[in-house]
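Data block below; observations after.
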Amino acid sequence: DTTVKQNPRYKLARVGKPVNLICSQTMNHDTMYWYQKKPNQAPKLLLFYYDKILNREADTFEKFQSSRPNNSFCSLYIGSAGLEYSAMYLCASSSSQGNTEVFFGKGTRLTVV
Amino acid sequence: AQKVTQTQTSISVVEKTTVTMDCVYETRDSSYFLFWYKQTASGEIVFLIRQDSYKKENATVGHYSLNFQKPKSSIGLIITATQIEDSAVYFCAMRNYNQGKLIFGQGTKLSIKP
């Protein structure tokens with residue numbers, strides 16, 4: 001099974017409210033990623049876990065939190081959603097070896113109103 | 001720092017022809033990996049093909065092949081015998097050997113017309 005699963009597929013959130021997105025993989029990958037994708041833009045890396053070590057991108061450092069309680073599971077947390085957070089959120093996983101494929105989930109489409 | 005650039009915003013070709021999409025990259029690492037992904041209409045990101053920087057031979061998978069020109073830091077994607085279902089947004093991406101990050105280009109929207 002080479003799938004990355006994301007829940008939910010669609011999420012509606014109110015401005016100022018928290019949002020929690022969930023991702024799981026069963027490929028025993030040591031690395032899991034979260035990307036934000038907006039229309040006509042490149043997928044933007046928000047953060048990634050290598051094993052239990054969280055790496056957050058400098059420009060999104062304070063906006064997103066994440067947890068990885070075990071190898072298979074990773075969440076993305078937004079403490080207070082703003083309209084600008086409306087986007088597709090893509091979870092991905094891979095082995096840390098650079099030549100391996102990065103597998104993507106089908107995404108969660110978040111709409112903040 | 002890593003950077004991936006796709007200058008072609010959109011391309012339109014007739015079905016059954018060959019199309020080439022351009023991509024250039026920047027990295028300070030001597031060993032790196034280049035990928036092409038496709039985003040379907042539903043938003044799903046699907047892996048297509050990979051090129052390892054230390055390999056001189058261009059990668060080929062099905063009707064996808066790569067034109068790797070290392071001195072120019074260029075990795076073009078070639079799709080032969082295009083089909084209507086090849087219509088999608090195509091992303092070039094790069095990953096350095098010792099770093100987990102996968103960095104994407106801006107994408108090229110490909111439209112295949114009958």
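So you know, we letter chains A, B, ... as the sequences are listed, proteins then strands, and number each from 1.
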Single-linkage hydrophobic cluster, 4.5 Å side-chain cutoff, [X] and [Y] together:
X       : Y       : answer
A/Leu21 : A/Leu46 : yes
A/Leu83 : A/Leu76 : yes
B/Leu48 : B/Val19 : yes
B/Leu66 : B/Leu34 : yes
B/Ile75 : B/Phe33 : no

### Under 3.5 Å donor-acceptor, B/Tyr37 side chain and A/Val102 backbone
yes
Got a sec: does the [atom1] of [X] have more than 12 other heavy atoms crowding it under 6.0 Å?
X       : atom1 : result
B/Lys16 : NZ    : no
B/Glu57 : CD    : no
A/Glu84 : CD    : yes
B/Lys70 : NZ    : yes

When rounded to the nearest 0.5 angstrom, what distance separates [atom1] in [X] from [atom2] in [Y]?
X        : Y        : atom1 : atom2 : result
B/Leu102 : A/Phe48  : CG    : CZ    : 10.5 Å
A/Arg109 : B/Ser42  : CZ    : OG    : 9.0 Å
A/Asn40  : B/Gln106 : CG    : CD    : 11.5 Å
A/Thr31  : B/Arg95  : OG1   : CZ    : 6.0 Å

### Message
Does any backbone or side-chain atom of B/Tyr32 lie under 4.5 Å from a heavy atom of chain A? Answer side chain, backbone, both or neither.
### Response
neither
### Task
Would you mind checking which part of B/Gln39 comes under 4.5 Å of any heavy atom in chain A, side chain (CB onward), backbone (N, CA, C, O), both or neither?
side chain
### Task
Might you point out which heavy atoms bring B/Phe91 and A/Pro43 nearest each other, and give the distance in Å?
CE2-CD, 3.5 Å
## Note on the structure
Closest heavy-atom pair, A/Ala42 versus B/Gly105, reported as atoms and distance to 0.1 Å, is CB-O, 2.9 Å
### Task
Select one option (side chain, backbone, both, neither) describing which atoms of A/Lys44 are under 4.5 Å from chain B's heavy atoms.
neither
### Query
With chain B, which of A/Ala92, A/Ser94, A/Gly107 has the greatest number of heavy-atom pairs at distances under 4.5 Å?
A/Ser94
### Query
Which one of B/Glu44, B/Lys109, B/Gln6 has the most heavy-atom pairs closer than 4.5 Å to chain A?
B/Glu44
### Message
Tell me if the aromatic rings of B/Phe47 and A/Phe104 count as close, with their centers under 6.0 Å from one another.
### Response
no
#### Entry: Side chain proximity check, B/Ile45 to A/Leu90, heavy atoms < 4.5 angstrom
yes
